[in-house]
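Take a look at the structure below.
Predicted model, so just to flag it, every value in this text is computed and none were measured. These numbers come from the heavy atoms of this one structure, side chains and all, not from hydrogens, waters or symmetry mates. Sequence positions, counted from 1, serve as the residue numbers for this chain.
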Amino acid sequence: SMGKAIRFPVTDVRLFKGRDSSGVRGIKLNPEDYVVSMAILNHVNASSDERTAYFKMRKSSLGDVNDIEQIGSVEIQPTIPDHRFKELLEREEWILMITSSGFGKRSSAHEYRIASRGGQGISAANLQTRDDTVISSFPVDDDDQIMLVTSTGQSIRCPVDGIRLSGRSTAGVTVFKTAENEKVVSVALIAEKPDPETET
């Protein structure tokens, strides 16, 4: 809820004999923090240099990703072969994050490096400039929609492609303008897929 995220292999969570087992730690939390979301992502094996090069090349060729943290963070300009760039582009997933104040953003799953289970995680949202918490986060496609519901019973349905692409540590943009003392309390994914019988 305080904007931290951790990505680790499913195999790091061992199998337990029964459903009443206590389990193992996924992320180490501060006393006032709590987990709000969990998502399954496709595995992409890319080094830190490859991810840095990918984002620089993506920014140069497509120009649609703003404020990616890795861009400009190193003096050397790394590159990757075109076939590797295309592979990472095809396998890229986008993570939507919505906060209680109605802010939202989409960030690349490539930004979330694989780490060991049980760590403190990395910054996934900039909440320092406002009294805010993360409500939910999950992978989305461009043609998806989301439904937001607030503490006063208001709701809004909006397309995902209207929420800008940005770096994981940025603040995001206003998705739902909440009133004073009003908070977003729930976010649902509406993934409308075409009916095969109606396709021509």
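- Separation of atoms OG1 (Thr133) and NZ (Lys183) is listed at 7.0 Å; rounding is to 0.5 Å.
- With a 4.5 Å cut-off on side-chain heavy atoms, Ser107 and Tyr112 count as touching.
- When all heavy atoms are compared, the tightest approach of Ser151 to Asn181 is OG-O, 4.1 Å.
- For the pair Ser169 and Asn126, the minimum side-chain heavy-atom distance is 4.5 Å or more.
- Note: Gln145 CD to Cys158 SG = 8.0 Å, rounded to the nearest 0.5 Å.
- At least one side-chain heavy atom of Ile146 sits under 4.5 Å from a side-chain heavy atom of Phe138.
- In terms of hydrophobic clustering, with Ile, Leu, Val, Met, Phe, Trp and Tyr side chains grouped at heavy-atom distances under 4.5 Å, Leu148 and Val36 are assigned to different clusters.
- When all heavy atoms of Glu50 and Asn45 are compared, the closest pair comes out as OE1-O, 4.1 Å.
- Side-chain contact check for Glu32 versus Met2: some heavy-atom pair is nearer than 4.5 Å.
- A heavy-atom distance below 4.5 Å is not found between the side chains of Val44 and Arg51.
- Grouping the Ile, Leu, Val, Met, Phe, Trp and Tyr side chains by contacts below 4.5 angstrom, directly or via other members, places Ile156 with Val140.
- Two different hydrophobic clusters hold Val175 and Val185 under the rule that ILVMFWY side chains link at heavy-atom gaps under 4.5 Å.
- Looking at Asp82 and Met57, their side chains come closer than 4.5 Å, going by heavy atoms from C-beta outward.
- Leu127 and Met97 fall within the same hydrophobic cluster, where Ile, Leu, Val, Met, Phe, Trp and Tyr residues are linked whenever their side-chain heavy atoms come under 4.5 Å apart, directly or through other members.
- Between the Arg113 side chain and the Ser47 main chain, no donor and acceptor come within less than 3.5 Å of each other.
- A donor-acceptor contact closer than 3.5 angstrom is absent between the side chains of Thr178 and Ser101.
- The aromatic rings of His110 and Tyr54 sit perpendicular, their planes meeting at an angle over 60°, well past the 30° parallel limit.
- Between the side chain of Arg168 and the backbone N or O of Ser108 there is no donor-acceptor pair closer than 3.5 Å.
- Summarising the geometry of Ser166 relative to Lys105, their closest heavy-atom pair is OG-CB, 3.4 Å, with the distance given to 0.1 Å.
- Under the 4.5 Å side-chain criterion, counting only non-hydrogen atoms from C-beta, Val184 is not in contact with Phe103.
- Listed here is the closest heavy atom pair of Asn42 and Arg7: O-NH2, 2.9 Å.
- The shortest side-chain heavy-atom distance between Ile98 and Ser136 does not fall under the 4.5 Å cut-off.
- Nearest heavy atom pair, residue Val13 against residue Arg117, reads CG2-CD, 4.2 Å.
- Considering only residues two or more places apart in sequence or on other chains, Arg14 meets the salt bridge (charged side-chain N to carboxylate O under 4.0 Å, His left out) condition with none of them.
- Closest of all the heavy-atom pairs between Leu189 and Pro139 is CD2-O, 4.2 Å.
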